[in-house]
Amino acid sequence: MIDLDAEMRFWLDALALESCGWKVTWGWVDSIPLEDGRSAFGLNTLNADERTSHIKIKKLATQKDMDEFVDTCAHEMSHNFGAEIERRILAIQSEEDRTNAHEYIAETLAPALTRIKGTPREMAFAKAIKSLSGKTEAFAKVAQSMPARAKENTNMPEDIASLEKAMIEAR
């Protein structure tokens with residue numbers, strides 16, 4: 001049984017979005033037409049400054065819709081995570097700010113990636129993270145290699161150094 005609330009709640013919790021102030025709502029819609037005539041599986045309308053987001057997910061009518069469901073939920077919620085990363089990267093004024101930003105990323109991702117390792121959600125998140133905006137593209141490259149190394153321990157010097165380098169490149 002497909003449960004939109006359970007899937008969206010999973011991603012909201014896994015990415016710790018509520019704990020940093022995000023208010024996210026979601027719901028089913030009949031269709032999500034795009035300007036080029038195609039139809040989308042999901043759509044996220046977000047305001048990064050206010051940390052608000054409303055996600056629309058196309059009602060599941062075909063097997064393809066069902067096959068894309070988890071990927072779509074991960075993708076749409078990842079837009080919020082990407083916006084939060086951008087907020088933190090753009091706010092960097094000092095070494096302490098940079099440390100706080102990369103600690104936020106590592107401390108959020110390590111437990112999330114540990115929870116999804118070896119599940120279909122791992123692949124869904126890997127696909128979603130690749131679609132983040134240009135400012136987080138360098139971060140996405142680093143994050144793709146983290147699931148195999150993510151441990152309960154959030155003090156991962158290798159990953160933190162890689163994330164810091166990626167954030168500097170993303171500026």
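Between the side chains of Asn44 and Trp26, no donor-acceptor pair is found at a separation under 3.5 Å.
The shortest side-chain heavy-atom distance between Arg51 and Arg87 falls under the 4.5 Å cut-off. Residues Thr114 and Pro111 fail the side-chain proximity criterion, which asks for heavy atoms closer than 4.5 Å. You'll find the side chain of Phe41 stays beyond 4.5 Å of the side chain of Asp67, heavy atoms only. Annotation: side chain of Glu96 is in contact with side chain of Asn100 (closest heavy-atom distance under 4.5 Å). Side-chain contact between Thr99 and Glu103 is present, with heavy atoms from C-beta onward closer than 4.5 Å. With contacts defined as side-chain heavy-atom distances shorter than 4.5 Å, the pair Phe10/Arg115 qualifies. Considering only heavy atoms from C-beta on, Leu15 stays 4.5 Å or farther from Asn80 through its side chain. Between Arg9 and Asp13, the closest side-chain pair of non-hydrogen atoms falls below 4.5 Å.
Note that NZ of Lys64 is 8.0 Å distant from OG1 of Thr62, once rounded to the nearest 0.5 Å. Rounding to the nearest 0.5 Å places CD1 of Ile57 at 5.0 Å from CE of Met8. Atoms OG1 and NZ, from Thr72 and Lys56 in turn, are 15.0 Å apart once rounded to the nearest 0.5 Å. Taking CG of Leu60 as the reference point, atom CG of Leu4 lies at 8.5 Å (rounded to 0.5 Å). Going from atom CD1 of Ile55 over to atom CG of Leu43 covers 9.5 Å, rounded to the nearest 0.5 Å. If you take CZ on Arg88 and SG on Cys20, they are separated by 5.5 Å, rounding to the nearest 0.5 Å.
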- prompt: Does the pair His79 and Ser53 meet the rule for a side-chain contact (heavy atoms from CB on, under 4.5 Å), with working shown?
  reply: CA-CA 9 Å; His79 283 298; Ser53 164; over 6 Å; no
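When all heavy atoms are compared, the tightest approach of Ala40 to Lys58 is O-CD, 3.7 Å. Between Thr108 and Ala16, the shortest heavy-atom distance links the atoms CG2-CB, 4.1 Å. For the pair Ala91 and Asp97, the tightest heavy-atom approach, listed with the atom from each and the gap, is O-OD2, 3.7 Å. Closest approach of Glu68 and Lys127 over heavy atoms only: OE1-NZ, 4.3 Å.
Paired with Trp11 under the rule side-chain contact (heavy atoms from CB on, under 4.5 Å), one option of Arg121, His75, Glu76 passes, and it is Arg121. Checking Thr119, Leu109, Asp71, Val70 one by one against Phe125, the side-chain contact (heavy atoms from CB on, under 4.5 Å) holds for a single residue, Leu109.
Note on Glu50 versus Lys23: no salt bridge recorded, every NZ/NE/NH1/NH2 to OD/OE distance being 4.0 Å or above.
Val29 and Met77 fall into different hydrophobic clusters, where Ile, Leu, Val, Met, Phe, Trp and Tyr are joined by side-chain heavy atoms under 4.5 Å apart, directly or via other members. Trp28 and Met66 end up in the same hydrophobic cluster when Ile, Leu, Val, Met, Phe, Trp and Tyr side chains are linked at under 4.5 Å. If you chain together hydrophobic residues whose side chains sit under 4.5 Å apart, Leu113 and Met123 never meet in one group.
Remark: side-chain polar atoms of Ser78 are not paired, donor with acceptor, to backbone N or O of Phe81 under 3.5 angstrom.
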